Visitor: 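Below is the structure I would like to discuss, written out as structure tokens.
Because the structure is predicted, anything quoted here is derived from the model rather than measured.
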Amino acid sequence: MKIAVSSDLHLDLNHADDAEIITQQAHYLTRQEIDHYFFVGDSFNDFAQTSVYFAELQLQLPITKVHYLAGNHDMLKGVTYEQLENLDDDLYFHNRFIDIPQTNWRIIGNNGWYDYSFSTYESNVKGVAKWKRAYWVDRPIMQPMNDPERMAIVLHQVEENLKQARNQQKQVIFMTHSHRLEKLPRIQLLSQHGGSGCGR
């Protein structure tokens, strides 16, 4: 059983030919006999393009199963917060898990969000929001809560997934696009089963 993980293609920013890249990826994944390919965010600045890209890639892969997350760039256009949380797409694995057949490994995915708990700005929510609106690429992203509230939802989702994995005695690889999850007791949950990991 072989898996591959990548992120941050930024195909539109790099002026890449989508069809050509799909063909190259499909040839590589097939040649390497990859069973599961995980992309952990930032392929386009438009989620509609992201979802189409991975659907087309999957069509060219007779063996490899494709799974993708949304990065902050993917969220800039073409999707709402509610859609990101409830998308009906078998390839999208935010707040979901994939059990790898014939192993005890479980891959848990979550788009993640910004964790300010390790920052001196943690208590300055309004100041950070003002700065982001002025300077950060994420300013077009609409969400029905502030960043700490959104991060609290992420932490709850991930902790529930990890608890379920622990109860089922699974070894876990955790994949996210975001920065480190400082408040999550992930090491204590995972170390009992001998495995942990994080893809960005």
Visitor: Residues sharing Y81's hydrophobic cluster, by side-chain heavy-atom contacts under 4.5 Å among ILVMFWY, directly or via others?
Guide: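 Traced through the cluster, Y81 reaches M145, I153.
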Visitor: Partners of N146 by side-chain contact (heavy atoms from CB on, under 4.5 Å), sequence neighbours excluded?
Guide: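 Partners of N146 by the side-chain contact (heavy atoms from CB on, under 4.5 Å) criterion, ordered by chain and then number, come out as V125, P148, E149.
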Visitor: Just by modelled atom types, is the F47 backbone N or O under 3.5 Å from a matching donor or acceptor in the K77 side chain?
Guide: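 No: the side chain of K77 does not pair with the backbone of F47.
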Visitor: Over all heavy atoms of both residues, which pair between N86 and E82 is shortest? Give the atoms and the distance, please.
Guide: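 Smallest interatomic distance, heavy atoms only, reads ND2-O, 2.9 Å.
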Visitor: Look only at the side chain of D74 and the backbone of G71, and say whether a donor-acceptor pair between them is shorter than 3.5 Å.
Guide: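 Yes; at least one donor-acceptor contact below 3.5 Å.
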Visitor: Would you say D17's side chain and A19's backbone share a donor-acceptor pair under 3.5 angstrom?
Guide: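 Between the backbone of A19 and the side chain of D17 there is a qualifying donor-acceptor contact (under 3.5 Å).
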Visitor: Can N110 and Q157 be said to form a side-chain hydrogen bond (donor to acceptor under 3.5 Å, both in side chains), step by step?
Guide: CA-CA 8 Å; N110 196 289; Q157 290 172 339; 3.0 Å; yes
Visitor: With a 4.5 Å cut-off on side-chain heavy atoms, are N111 and T176 touching?
Guide: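 Sidechains of N111 and T176: no contact.
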Visitor: How close do H73 and D42 get, counting heavy atoms only, and between which atoms?
Guide: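 Closest approach of H73 to D42: N-OD1, 2.9 Å.
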Visitor: Could you tell me which non-hydrogen atom of L84 sits nearest to which non-hydrogen atom of A70, and how far apart they are?
Guide: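 Heavy atoms of L84 and A70 come nearest at CD2-CB, 3.9 Å.
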Visitor: Output the distance between atom CG (D18) and atom OH (Y53), rounded to the nearest 0.5 Å.
Guide: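 If we round to the nearest 0.5 Å, D18:CG and Y53:OH are 7.0 Å apart.
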Visitor: Mind listing the closest non-hydrogen atom pair of I21 and A16 along with its distance?
Guide: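 Minimum heavy-atom separation between I21 and A16: CG1-CB, 4.0 Å.
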Visitor: Using the rule given for side-chain contact (heavy atoms from CB on, under 4.5 Å), can you reason through N14 versus L9, listing the C-alpha separation, both sets of side-chain angles and the distance that settles it, and then say yes or no?
Guide: CA-CA 8 Å; N14 288 312; L9 289 173; over 6 Å; no
Visitor: Quick one: name the residues clustered hydrophobically with L59, using the 4.5 Å side-chain heavy-atom rule over I, L, V, M, F, W, Y, and just say none if it's on its own.
Guide: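 Noted: L59 shares its cluster with no other residue.
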Visitor: Taking atom CE of M75 and atom OG1 of T80, what is their separation to the nearest 0.5 Å?
Guide: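 It comes to 11.5 Å.
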Visitor: Excluding sequence neighbours, so at least two apart, what forms salt bridge (Lys or Arg N to Asp or Glu O under 4.0 Å) with D147?
Guide: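 D147: salt bridge (Lys or Arg N to Asp or Glu O under 4.0 Å) contacts with K132.
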Visitor: Determine whether a donor-acceptor pair (N or O, by modelled atom type, separation under 3.5 Å) exists between the side chain of N95 and the backbone of E85.
Guide: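 No.
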Visitor: What residues form a side-chain contact (heavy atoms from CB on, under 4.5 Å) with Q168, not counting sequence neighbours?
Guide: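 Expected list: R106, Q164, K170.
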Visitor: So V154 and H156, do their side chains get closer than 4.5 Å, heavy atoms only?
Guide: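 Answer no - side chains too far apart.
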Visitor: Mind checking whether I100 and T103 have side chains closer than 4.5 Å, heavy atoms only?
Guide: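 Yes, side chains in contact.
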Visitor: If you define the side chain from C-beta out and look only at heavy atoms, does anything of Q25 sit under 4.5 Å from T30?
Guide: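 No, side chains not in contact.
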Visitor: For Y68, give me all partners under ring-ring contact (aromatic ring centres under 6.0 Å, His included), at least two apart in sequence or on another chain.
Guide: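 For Y68, the residues satisfying ring-ring contact (aromatic ring centres under 6.0 Å, His included) (neighbours in sequence not counted) are F54, Y92.
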Visitor: When rounded to the nearest 0.5 angstrom, what distance separates CG in L69 from OG1 in T50?
Guide: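 Here the interatomic distance stands at 11.5 Å.
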Visitor: Any chain of hydrophobic side-chain contacts (each under 4.5 Å) joining L13 to V52?
Guide: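 Result: no, two separate clusters.
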Visitor: Going by side-chain contact (heavy atoms from CB on, under 4.5 Å), name the residues that satisfy it together with A4, two or more places apart in sequence or in a different chain.
Guide: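 A4 satisfies side-chain contact (heavy atoms from CB on, under 4.5 Å) with L29, I34, Y37 once adjacent residues are dropped.
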Visitor: Treating T64 as the side-chain partner and D35 as the backbone partner, does any N or O pair qualify as donor plus acceptor under 3.5 Å?
Guide: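 No, the answer is negative, given that no donor and acceptor are paired below the 3.5 Å cut-off.
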Visitor: Applying side-chain contact (heavy atoms from CB on, under 4.5 Å), run through M1 and W105 and close with a yes or a no.
Guide: CA-CA 11 Å; M1 183 64 62; W105 285 99; over 6 Å; no
Visitor: Looking only at heavy atoms, which two atoms of S51 and D89 are closest? And how far apart?
Guide: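 Closest approach of S51 to D89: CB-OD2, 4.4 Å.
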Visitor: Looking at residues at least two apart in the chain, or sitting in another chain, which of them share a side-chain hydrogen bond (donor to acceptor under 3.5 Å, both in side chains) with Q60?
Guide: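 Expected list: none.
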Visitor: Does Q58 reach the main-chain N or O of V66 with its side chain, forming a donor-acceptor pair under 3.5 Å?
Guide: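 Yes: the side chain of Q58 pairs with the backbone of V66.
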Visitor: If you apply the rule side-chain contact (heavy atoms from CB on, under 4.5 Å), what do you find for H177 with F39, and how did you get there?
Guide: CA-CA 9 Å; H177 182 76; F39 184 83; over 6 Å; no
Visitor: With rounding to the nearest 0.5 Å, note down the distance linking CG in D115 to OG in S178.
Guide: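 Here the interatomic distance stands at 7.5 Å.
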Visitor: Step through the shown structure and confirm whether more than 12 heavy atoms of other residues, nucleotides or ligands are within 6.0 Å of CG on D99.
Guide: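 It does: D99 CG has more than 12 such atoms within range.
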Visitor: Please list, chain by chain and in numerical order, all residues satisfying ring-ring contact (aromatic ring centres under 6.0 Å, His included) with H27, sequence neighbours excluded.
Guide: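 For H27 there are no ring-ring contact (aromatic ring centres under 6.0 Å, His included) partners, ignoring immediate neighbours.
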Visitor: side-chain hydrogen bond (donor to acceptor under 3.5 Å, both in side chains) with E20: which residues, sequence neighbours excluded?
Guide: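 E20 satisfies side-chain hydrogen bond (donor to acceptor under 3.5 Å, both in side chains) with Q24 once adjacent residues are dropped.
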Visitor: Taking ring-ring contact (aromatic ring centres under 6.0 Å, His included) as the definition, give me every residue that meets it alongside H67, ordered by chain and number, with sequence neighbours left out.
Guide: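 Applying ring-ring contact (aromatic ring centres under 6.0 Å, His included) to H67 gives H36, F38.
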Visitor: Can you give me the closest heavy-atom contact between L76 and I141, atom names plus distance?
Guide: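 What the structure gives for the nearest pair is CD2-CG1, 3.9 Å.
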Visitor: Taking C-beta and beyond as the side chain, do D138 and W113 meet within less than 4.5 Å on heavy atoms?
Guide: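 When only atoms from C-beta onward are counted, W113 and D138 do touch, with a gap below 4.5 Å.
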Visitor: Can you name the residues that form a side-chain contact (heavy atoms from CB on, under 4.5 Å) with K130, not counting sequence neighbours?
Guide: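 K130: side-chain contact (heavy atoms from CB on, under 4.5 Å) contacts with R133.
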